[in-house]
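Hydrogens, waters and symmetry mates play no part in the numbers below; they use all other heavy atoms, side chains included.
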Amino acid sequence: MRMRITTACQFETKRGKRASLLLNYKLCTTMPGRVVVDQANPGSHLTRIPIPGINTATDSSQASIRGKVIQKGPLVSLGDEDFVLKAVIEEEESVQRSSSRNMSINVILFGGLAKDFSEAVSRGEVVVVTGFTVGKSPTAHKDQLHPCNLLLSGDDACLYVLRSLPPSVSRSPAASKRSSTSKVSKSAKVSKYTYVPLNELKPGAVVNVYGVVVFFKQPYKTRGTDYCSSLKITDQSNQKVGCNIFCERLEDHPKIFQLGDIIRMHRVKTQAFGGSINLLNTFGFSVVTFDGRPESTVVPRTSSKSFHFEPEDKQTVEELRTWAANQDLLPTTPRIHLSSVQPQSYFDLTCQLLWKAPVDGTCILLKVWDGTRCVHPLQDFSVEASVIEGPFSLSRERSDLAVNILVFDNHAEIARQLKPGAYLRIYNLHATTGTSSVPCSSGGSGQNQLAFHLHGGTSYGRGVRVLPDDSPDIQELRRVVESYPDDDNDFNLNDSAIMEIWGTPPETLVCVCSHSPPERRCGHALQQVTLAEVKQSGPDQLFHVNAQLKSYQPRHLYQALKLHCPKCRVIQEIPDDDFLSETFLEASKAPGHIADPWLLSKSILLPGDGPKSPGRTLSIHLSKELFGESKSKDLIYVTGATLEDVCQLAAAYQYILPVTASGGSASLMDLSAPFLFRGNKRYYGCKQCSQVSVKELKVGGSEEINEEFIAEALGIKLLQYGLLLKLELQQGRDTLEVFLWRDAETFFQVSLEDVAANQEAQNKISKTMDFLCPPGRSMAEHPWLDLCLTTYTVKEDDGLKHVCYQVCQTSTTTTPP
DNA sequence: GCTTAGGATTAG
């Protein structure tokens with residue numbers, strides 16, 4: 001089958017309505033790179049954002065900012081030990097200058113931090129800040145500095161000073177760089193620790209120990225309040241000692257990646273158990289771990305902001321490593337890649353997560369790869385595209401190598417928090433064969449198809465963990481996966497640059513177009529023109545061009561798919577499932593009681609499974625009117641339902657309307673969430689244009705209940721799905737950036753409502769884009785397209801009008817070869 | 001309020 005772009009002379013959208021050409025985007029092509037600071041530096045687990053790259057959408061919980069102090073204001077007292085201080089920090093030379101103006105930013109410090117900064121930090125010093133919030137700088141106009149400022153207040157705020165130390169002072173592991181870190185408001189305390197050999201432990205003592213890890217489980221949830229890391233360690237005394245570390249927070253647990261890692265624990269309690277000594281963490285416990293391979297550099301792994309580390313520690317680690325290397329302590333299992341997996345075996349897999357999707361309450365499907373190809377036939381699974389988190393459409397190379405992993409039970413809970421792009425180690429993964437009866441299995445011939453299962457439980461250290469980006473274990477993997485052509489479109493810079501515009505918060509997307517373009521038809525009578533001629537022309541014109549597609553943005557459909565209001569023309573993002581789950585969960589906690597006389601209600605008490613998941617009441621309400629019309633299955637109202645409940649119910653009833661009780665009456669939830677569900681489809685309402693009130697539906701006998709009818713009855717203005725792509729057209733040496741928006745449905749010959757709900761429709765779009773812009777092919781191999789373009793003006797923030805271009809009245813058609 | 005786990009395969 002061959003696809004060809006032609007111009008369609010007739011055009012009418014599915015619903016017979018037209019969205020106007022209203023786009024107001026600026027593309028920032030100079031988004032600075034993401035720089036991860038050196039492991040030895042503070043905030044190394046965070047993404048370092050260059051100062052020019054800061055904006056109000058910066059996720060400060062994941063970011064650190066580094067800069068040189070170029071101005072330090074006076075400490076201003078606000079009374080009662082409260083202070084404020086303003087400083088300016090400047091991006092250092094090392095980062096590429098992408099904008100000369102935004103290299104310096106105001107930092108406003110509050111409270112004790114302001115006071116400490118005033119006393120401890122001088123101009124010219126380099127600082128790293130974390131836990132900040134980003135605000136709009138009210139003085140940007142006046143001081144010509146960065147349009148944002150950094151606000152440092154509260155417990156999360158932290159500021160580190162990078163400072164040279166005299167050689168005699170105990171240093172951080174960054175000693176080789178001749179620099180150390182001091183955290184403002186905490187001075188380093190120098191004290192000696194003594195470590196007890198493992199064969200000298202006596203019960204009932206609190207000790208510090210070093211050891212080589214000979215067994216470990218990743219932290220797992222206990223029946224109590226904490227996670228437990230269960231491990232066994234040994235040292236030169238050859239004594240093996242079991243340890244149980246209980247911490248509520250996962251980040252406080254020892255970072256153990258593989259057998260042979262070295263662990264140092266401070267303040268562990270010895271305890272007699274079963275004739276031997278066990279170790280248990282106790283008050284003031286701290287832990288640091290190290291890679292166990294003698295050839296690797298000694299880099300402490302810890303999430304502690306301050307920890308003790310001296311040259312003696314480095315020596316102890318090296319001695320333990322050398323000793324362990326000459327012992328028969330650890331099994332000598334070779335690293336298994338997907339290419340060397342044996343059916344029915346258990347192995348540890350180091351891989352990259354491509355995407356994930358929930359299967360049911362106890363199972364998550366992970367799509368991963370390690371750059372090698374599994375030689376065995378693999379079992380296939382299918383999931384709804386709408387529940388996939390991550391790039392739904394993989395390049396051919398990637399999807400050839402990617403495998404599915406089913407993660408069950410306790411591990412599913414951890415897997416829910418994994419982010420696509422993360423590097424993972426999955427311990428005790430089971431390569432199973434035989435037919436699967438999990439809900440997402442596509443069936444198939446089954447018997448000798450391989451499937452990867454991470455079973456529930458923690459036997460044999462079964463578990464999954466994220467490896468840090470600087471882990472030596474992933475460098476080779478990273479090199480391999482990054483060598484694939486499509487890679488730079490998926491997880492790194494390009495996407496974050498695109499997200500600058502495509503992820504712009506909805507309120508800034510309100511369209512401010514001067515007026516809608518006139519309706520014109522291309523018709524084949526229009527003569528083809530060059531891109532240069534299009535650019536030289538004014539707005540409100542229609543052109544017929546012949547060009548190639550050089551590139552397009554965003555690369556992922558889930559980034560291009562939007563919701564928009566046909567009335568007020570606001571464009572907004574589609575909320576992700578994590579957000580929706582949270583919203584529904586919150587609402588389900590306080591369902592209240594509905595006593596509307598026009599509803600028939602029935603409540604079910606669903607048992608919980610612990611203090612963090614208490615029981616809840618799910619209520620289903622039927623409209624008496626619909627019941628009388630024998631349409632009781634057409635629409636039900638539910639209260640106390642989680643997102644999962646709603647999806648389940650959506651399989652049995654036509655329309656599900658989640659409601660909460662407000663003064664004894666049914667009322668809708670916040671319109672941030674879908675107000676209506678039908679099968680896989682979700683319907684949203686416009687916050688600005690809806691005047692919601694839940695009242696009895698009046699249906700005539702022949703009237704069909706559909707989303708439009710329900711929305712109207714509720715006073716809701718239905719949002720429509722839209723698809724927004726920016727295409728770079730090429731014609732010889734000339735290029736032109738154009739949008740595809742209004743006529744996206746015509747272009748792809750697909751309903752965007754379907755695209756939001758099913759994989760098949762999504763595949764149609766990705767196949768089309770792969771055909772128009774074949775990944776990894778030269779421009780000579782890109783097809784030539786006949787396109788209609790319209791020109792129109794958009795009023796920018798600066799008040800000036802800009803001419804924009806949009807593809808219109810063009811559809812992809814398939815023609816026989 | 002101060003437990004939880006204390007290695008040793010799921011059975012999808």
How is A/Gly456 classified with respect to the nucleic acid when contacts are heavy atoms under 4.0 Å: base, sugar-phosphate, or nothing?
-> base
Answer yes when A/Asp754 and A/Lys681 have at least one side-chain N-carboxylate O distance shorter than 4.0 Å, and no when they do not.
-> yes
Parallel, tilted or perpendicular: which describes the rings of A/Tyr558 and A/His556, with under 30° parallel and over 60° perpendicular?
-> parallel
Please state how far atom CG in A/Asn278 lies from atom C1' in B/dG7, giving the value in whole angstrom units.
-> 11 Å
Any donor-acceptor pair under 3.5 Å between the side chain of A/Arg462 and the base of B/dT9?
-> yes
Determine the sole option in A/Tyr346, A/Phe257, A/Tyr460, A/Phe216 for which the ring-ring contact (aromatic ring centres under 6.0 Å, His included) test with A/Tyr427 is passed.
-> A/Phe216
Distance between P atoms of B/dG6 and B/dT10 (Å, rounded) | 14 Å
Do we count A/Tyr460 as stacking onto B/dA8 if the rule is ring centres under 5.5 Å and planes under 30°?
-> no
Between A/Glu318 and A/Lys314, is there a side-chain N and carboxylate O pair less than 4.0 Å apart?
-> yes
Do any side-chain nitrogens or oxygens of A/Thr225 fall under 4.0 Å of OP1 or OP2 in B/dT3?
-> no
When the distance from CD of A/Glu248 to P of B/dA5 is rounded to whole Å, what number comes out?
-> 15 Å
A/Leu280 CG - B/dC2 P separation (whole Å) = 15 Å
When we call it a touch if two heavy atoms are under 4.0 Å apart, what does A/Tyr220 touch: a base, just sugar-phosphate, or nothing?
-> sugar-phosphate
Starting at atom CZ of A/Phe215, determine the distance to atom P of B/dG6, rounded to an integer number of angstrom.
-> 9 Å
Does A/Asn428 or A/Asp409 map to a spot on DNA chain B nearer the 5' end, using the closest nucleotide for each?
-> A/Asn428
So, A/Tyr346 and B/dT9: ring centres less than 5.5 Å apart, planes less than 30° off, yes or no?
-> yes
Any donor-acceptor N/O pair under 3.5 Å between B/dG7 base and A/Lys217 side chain = no
In whole angstrom, what separates A/Leu231's CG from B/dG7's P?
-> 12 Å
Rounding to a whole Å, what distance do you find between A/Leu454:CG and B/dA11:C1'?
-> 14 Å
Could you state the OH-C1' distance from A/Tyr227 to B/dG6, rounded to the nearest angstrom?
-> 20 Å
Can a salt bridge be assigned to the pair A/Lys589 and A/Glu586 using a cut-off of 4.0 Å between side-chain N and carboxylate O?
-> yes
Determine, answering yes or no, if A/Phe246 is stacked on B/dT3 under the 5.5 Å centre rule and the 30° plane rule.
-> no
